[in-house]
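For the single chain, residues carry numbers from 1 onward in sequence order. Nothing here was measured: the structure is a model prediction, and the numbers come from that model.
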Amino acid sequence: RYPQKVINMQSRKKPLNTLIKAVGNNVTITLKNRGQYWGRMTNADMYMNMMLKDAKEYDKNGLVARHGDVFIRGNNVSYISIDPIAPPHS
């Protein structure tokens, strides 16, 4: 039988495993400031920092900018959608 602490640590890693497996897919990332980025995730680490290729930035009014490559710190992320059907506000 595993101690409760070990079980909790294993279950906490599952979202990270899902994120790592999604490298190479398109993602929409919603930031805490409510801005959004859409692009192909090329890298993710244990802190949920992510790199996007061909990234586009969106706000509530639509497309703000096309950035190319973008690094997003995990502590700024509110929500991640893996393989969205379309970019936000398209």
A.B. asks: Find the distance between CE (Met41) and CD1 (Ile29) and round it off to the nearest 0.5 Å.
C.D. replies: 7.0 Å
A.B. asks: Compare every heavy atom of Pro87 with every heavy atom of Tyr58, then report the nearest pair and how far apart it is.
C.D. replies: OH-CB, 3.2 Å
A.B. asks: What is the distance from atom NZ of Lys21 to atom CG of Leu16, rounded to the nearest 0.5 Å?
C.D. replies: 11.0 Å
A.B. asks: Are Met50 and Leu19 close enough that some pair of their side-chain heavy atoms sits under 4.5 Å apart?
C.D. replies: yes
A.B. asks: Applying side-chain contact (heavy atoms from CB on, under 4.5 Å) between Tyr37 and each of Val27, Thr30, Leu31, report the one that passes.
C.D. replies: Leu31
A.B. asks: Quick check for you: to the nearest 0.5 Å, what is the distance between Asp59 atom CG and Arg34 atom CZ?
C.D. replies: 13.0 Å
A.B. asks: Rounded to the nearest 0.5 Å, what separates atom CD1 in Ile85 from atom CG in Asn26?
C.D. replies: 12.0 Å
A.B. asks: What closest approach, in Å, do Gln36 and Pro88 show between heavy atoms, and which atom pair accounts for it?
C.D. replies: OE1-CB, 3.0 Å
A.B. asks: With a 3.5 Å distance limit and no angle check, can you tell me whether Arg40 reaches the backbone of Gly24 through a side-chain donor-acceptor pair?
C.D. replies: yes
A.B. asks: Under 3.5 Å, side-chain donor or acceptor atoms of residues 67-83 against the rest of the protein: list the pairs with distances, not counting sequence neighbours.
C.D. replies:
residue, atom, partner, partner atom, Å
His67, NE2, Glu57, OE1, 2.8
Arg73, NE, Asn75, OD1, 3.4

A.B. asks: Taking all non-hydrogen atoms of both residues, which atom of Pro84 and which atom of Trp38 are closest, and how far apart?
C.D. replies: CG-NE1, 3.5 Å
